[in-house]
Number of protein chains: 4
Amino acid sequence: MKSSQPLTPTPRRRSAANPGISDIDSNDAKAAILKAARAEFSAKGLTGARVNEIAAIAGVNKQLIYYYFGNKEDLYRTALEVVYTEIRTLESGLHLGDMQPEEAMAALIGFSFDYLQATPDFIGLLNHENARGASHVRDSKAIRETNSPLIELLAKTLSRGTRAGVFRRGIDPVELYVSVAGMSYFFFSNRLTLSSIFARDLESKAAVQAYRKHVVSFAMAGLRA
Amino acid sequence: MKSSQPLTPTPRRRSAANPGISDIDSNDAKAAILKAARAEFSAKGLTGARVNEIAAIAGVNKQLIYYYFGNKEDLYRTALEVVYTEIRTLESGLHLGDMQPEEAMAALIGFSFDYLQATPDFIGLLNHENARGASHVRDSKAIRETNSPLIELLAKTLSRGTRAGVFRRGIDPVELYVSVAGMSYFFFSNRLTLSSIFARDLESKAAVQAYRKHVVSFAMAGLRA
Amino acid sequence: MKSSQPLTPTPRRRSAANPGISDIDSNDAKAAILKAARAEFSAKGLTGARVNEIAAIAGVNKQLIYYYFGNKEDLYRTALEVVYTEIRTLESGLHLGDMQPEEAMAALIGFSFDYLQATPDFIGLLNHENARGASHVRDSKAIRETNSPLIELLAKTLSRGTRAGVFRRGIDPVELYVSVAGMSYFFFSNRLTLSSIFARDLESKAAVQAYRKHVVSFAMAGLRA
Amino acid sequence: MKSSQPLTPTPRRRSAANPGISDIDSNDAKAAILKAARAEFSAKGLTGARVNEIAAIAGVNKQLIYYYFGNKEDLYRTALEVVYTEIRTLESGLHLGDMQPEEAMAALIGFSFDYLQATPDFIGLLNHENARGASHVRDSKAIRETNSPLIELLAKTLSRGTRAGVFRRGIDPVELYVSVAGMSYFFFSNRLTLSSIFARDLESKAAVQAYRKHVVSFAMAGLRA
DNA sequence: AATGAATGAGAGTTCATTCAT
DNA sequence: TATGAATGAACTCTCATTCAT
């Protein structure tokens with residue numbers, strides 16, 4: 001395994017005579033590879049994914065993947081970091097500043113549902129990571145250092161609400177985070193088997209929206225003092 | 001080789017009267033293969049798992065796997081069905097008959113946590129199934145036909161409690177099931193990455209018990225009228 | 001490779017109390033194996049044939065094949081010898097004694113066509129033998145010693161006809177045999193590809209009979225003085 | 001690696017003007033594989049042939065066979081088509097234009113002998129095809145579409161001779177083709193067992209030439225009015 | 001006489017990766 | 001920057017054969 005690649009594709013050899021064109025192509029290829037890699041790794045994991053397949057989906061020569069990313073594992077790591085970064089960026093977009101605790105908490109719970117829907121590769125990547133010991137997440141400085149703003153927001157909002165007397169006391173913010181995230185995560189992660197077992201379509205837009213509503217109201221009820 | 005869950009339900013003892021039918025050895029080997037297969041498939045999925053590894057862990061000749069199970073995918077399917085059957089058997093052990101709705105519901109929620117802990121292969125198998133389209137779950141008559149008693153118990157208990165005025169109205173039992181199961185599932189499924197991200201050990205006995213308590217109280221609070 | 005088995009199945013362990021029954025069963029199994037083996041080896045050759053398949057078709061336990069015939073190659077040799085013996089027996093049935101040379105020759109040519117039709121395994125076995133160097137035919141004392149009465153009959157009939165002035169002089173009996181046999185052999189051996197290439201059904205009864213007629217008249221015309 | 005029959009008809013030489021397209025090496029490897037494959041498949045058939053052996057004989061890495069030909073069966077199909085094409089090319093070289101019917105027919109019969117001698121792989125491949133149901137010949141568009149010019153030449157020559165009164169009436173050209181081809185085919189196909197059975201060397205140059213003479217004179221005599 | 005269990009050798013094929021340009 | 005050619009290692013699976021009863 002070679003050294004890992006930089007997260008943001010850094011163009012090389014830009015010449016004065018040909019200032020940007022080839023960089024754009026290069027970035028296109030790189031981006032196409034990453035996009036294909038995310039989907040492929042999410043669906044099949046590190047070992048299940050096929051370099052050939054990624055190249056085919058990205059529409060590039062297989063060798064280009066090695067040129068840009070070193071090897072399969074480095075590509076995986078990069079894809080993982082890119083997705084985590086994307087998640088964090090989404091989280092940073094949350095602004096609950098002047099909301100009341102209850103309103104803010106409802107927004108947070110809703111958000112924990114929405115971003116899973118918006119980032120479908122995330123669940124697959126995470127599941128495979130956990131199945132294989134989460135070594136890449138643990139070993140990635142980039143991922144470890146990108147703290148989740150969500151948990152801090154949640155802790156702050158929880159404590160605001162507790163002080164305001166609208167939320168119960170004695171709730172651990174990490175445990176709250178896990179249970180709230182779990183309600184949404186499990187829904188998206190296991191929709192297929194759940195649909196099959198319950199003979200009920202959980203993939204329709206209506207079902208998704210109904211479940212979102214349930215999660216928010218159920219969790220809010222669980223919090224109230 | 002110990003047989004923890006024999007494939008054929010009634011192993012016959014070899015006796016003088018029944019001299020040639022050696023189910024014992026055969027079942028031992030079969031059971032050892034299945035046990036190893038469950039763990040291997042749970043950790044690595046269908047494609048990631050290695051037949052060699054399963055044979056080595058089971059302590060049998062690799063070819064015996066093909067002799068008994070045909071091929072890798074059939075072994076996978078069988079392992080999946082065995083685990084599902086085991087889950088269903090656990091669920092059938094639940095007897096809430098004469099409990100009050102709240103007591104019964106708390107038992108149910110606790111159980112949804114406990115059986116995931118007791119059947120560690122289940123989450124891995126399910127995650128891989130969902131990642132690959134859940135085709136094996138959908139195609140298995142055995143799995144589809146084994147309805148979950150849990151969802152029916154939940155629906156019945158919910159309705160009992162609603163009528164008794166202790167639970168809120170308007171809660172859908174399937175959605176309740178998904179959210180309750182999700183709280184526990186996500187905890188076990190994503191413990192590794194969660195521990196890493198939050199820099200907090202979620203694997204200790206204490207942490208597990210604490211989270212179980214949280215899940216039950218949080219869900220019960222969410223239900224109360 | 002073990003020693004070869006006797007051609008005619010020799011029953012063992014006949015007891016006074018149970019004089020014939022088990023022998024019949026044993027012979028049944030042996031005969032079933034041989035029948036299946038002939039077809040399988042004819043279709044797929046020594047290496048292409050599958051012991052499993054032979055056992056399945058014969059309806060016996062695979063191990064019984066080893067019990068009776070030692071190993072795959074010995075079974076092959078035995079099948080080869082049985083078919084050769086069958087051919088020779090058919091040939092011995094030819095009685096041209098008091099026929100005129102032309103009549104006798106026509107009968108011989110017709111026979112060279114008929115016995116290929118009657119013994120479909122023969123061509124397949126022979127083709128595979130030739131493709132693999134004919135070592136088994138060469139090494140089988142049984143086959144080498146079973147001279148073909150056909151070639152002698154042909155030589156005698158040819159010489160009778162030549163002396164009688166009805167056949168041309170200077171025809172070598174072996175070459176005549178090869179060319180006459182070849183006309184029929186090729187027809188049966190290559191019917192499938194010939195049908196495909198010429199887009200003409202050579203498998204129908206009518207086509208077979210028409211070709212037989214052609215062979216006889218064509219060969220007789222080629223012989224006439 | 002020598003390229004005796006390149007797959008792609010027009011290998012381009014690598015030149016300064018055309019610097020990167022290296023058909024030469026690629027074709028060499030491809031051609032070497034095909035050459036080895038023809039011989040191996042001819043001798044042992046599709047199932048009997050060994051990919052390892054083909055690679056070893058061709059002097060290439062085994063995996064290159066998969067790189068170029070996909071799998072064993074596709075390689076077989078390709079080899080079959082190449083041999084058929086070669087046969088057809090040989091046939092196309094026949095020019096009987098201004099010969100008299102008898103002379104032309106003798107040339108045709110002689111040719112049907114000569115090309116089997118010149119293309120030793122052909123008989124083996126054809127025998128295995130027929131033994132296995134001729135499915136590949138039937139399924140190959142390339143083979144089906146490459147009509148045999150031979151049969152048309154034969155039909156034309158036969159009809160010319162019949163009109164000229166030198167050949168008998170009532171001879172079917174396809175049947176004539178089959179019997180004439182059969183005489184030669186059987187000789188080459190079954191030389192080994194025939195030599196063994198008749199204890200007569202049919203492999204010597206003299207024996208081959210003598211048999212060729214026999215075939216031509218025997219068939220011509222069979223045709224004459 | 002008959003059979004289920006078990007195994008070693010090797011087959012076809014896949015796959016990540018490197019070579020060479 | 002980009003690509004076709006080539007390879008070693010490993011994987012699933014097949015198959016003839018043996019073991020043990």
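Chain naming here is simple, since letters A, B, ... match the order of the sequence lines and numbering starts at 1 in each.
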For a 4.5 angstrom cut-off between non-hydrogen side-chain atoms, does D/Phe69 reach D/Arg77? no
So, does the side chain of D/Lys62 form a donor-acceptor pair with the base of F/dT7 at under 3.5 Å? no
First encountered from the 5' end of DNA chain E, between D/Tyr66 and A/Val51: D/Tyr66
Whole Å only: how far is the CD1 atom of C/Ile33 from the C1' atom of E/dT3? 13 Å
B/Tyr68 OH to F/dC13 P: how many Å, rounded? 19 Å
Write out all pairs satisfying salt bridge (Lys or Arg N to Asp or Glu O under 4.0 Å) with one or both partners inside residues 44-57 of chain D, taking only residues at least two apart or from two chains. D/Glu40-D/Lys44
Which atom of B/Glu129 lies closest to which atom of B/Ser135, heavy atoms considered: OE1-N, 3.6 Å
Between the base of E/dT17 and the side chain of A/Lys72, is there a donor and acceptor pair under 3.5 angstrom? no
Counting Watson-Crick and G-U wobble pairs with both distances under 3.5 Å, what is the dot-bracket string for DNA chain F, 5' to 3', using [ ] for crossing pairs and | for pairs to another strand? .||||||||||||||||||||
Atom NZ of A/Lys44 to atom C1' of E/dC15: distance rounded to whole Å? 13 Å
Starting at atom CD1 of D/Ile65, determine the distance to atom C1' of F/dA5, rounded to an integer number of angstrom. 15 Å
Could you walk me through whether A/His136 and A/Tyr76 pass ring-ring contact (aromatic ring centres under 6.0 Å, His included), step by step? CA-CA 9 Å; A/His136 296 93; A/Tyr76 174 79; 4.9 Å; yes
Could you pick out which residue, A/Val60 or B/Gly70, lies toward the 5' side of DNA chain F when each is mapped onto its nearest nucleotide? A/Val60
I need the CD1-P distance between C/Ile54 and F/dT17, as an integer number of Å. 11 Å
N/O donor-acceptor pair, side chain B/Gln63 with base F/dT14, under 3.5 angstrom: yes
How close do D/Ser42 and D/Asp121 get, heavy atom to heavy atom, and via which atoms? OG-O, 3.0 Å
Is the phosphate of F/dG4 approached by A/Asn61 (side-chain N or O, under 4.0 Å from OP1 or OP2)? yes
Indicate yes or no for a side-chain donor-acceptor contact from C/Asn130 to the backbone of C/Leu126 under 3.5 Å, with no hydrogens or angles considered. yes
Could you tell me how far apart D/Phe69 (CZ) and F/dA6 (C1') are, to the nearest whole angstrom? 15 Å
Round to a whole Å and report the spacing from CG of B/Leu64 to P of F/dC19. 17 Å
With respect to the phosphate group of E/dA11, does any side-chain polar atom (N or O) of D/Asn52 fall under 4.0 Å of OP1 or OP2? yes
When you check the phosphate oxygens OP1 and OP2 of F/dT14, does a side-chain N or O of C/Arg50 lie under 4.0 Å from one of them? no
Roughly, in whole Å, what's the span from CG in C/Leu75 to P in F/dT17? 10 Å
Output all residues satisfying side-chain contact (heavy atoms from CB on, under 4.5 Å) with D/Ala36, sequence neighbours left out; order by chain, then residue number. D/Ile54, D/Ile57, D/Ala58
Would you indicate what B/Asn71 reaches in the nucleic acid, counting non-hydrogen atoms under 4.0 angstrom: base, sugar-phosphate, or nothing? sugar-phosphate
Sugar-phosphate, base or nothing in reach of B/Ala49, heavy atoms under 4.0 Å: sugar-phosphate
Taking atom types as they are modelled, is there a donor-acceptor pair under 3.5 Å from the base of E/dA5 to the side chain of B/Tyr67? yes
Closest approach of C/Phe41 to C/Lys72 (non-hydrogen atoms, all atoms of both residues): CZ-O, 3.8 Å
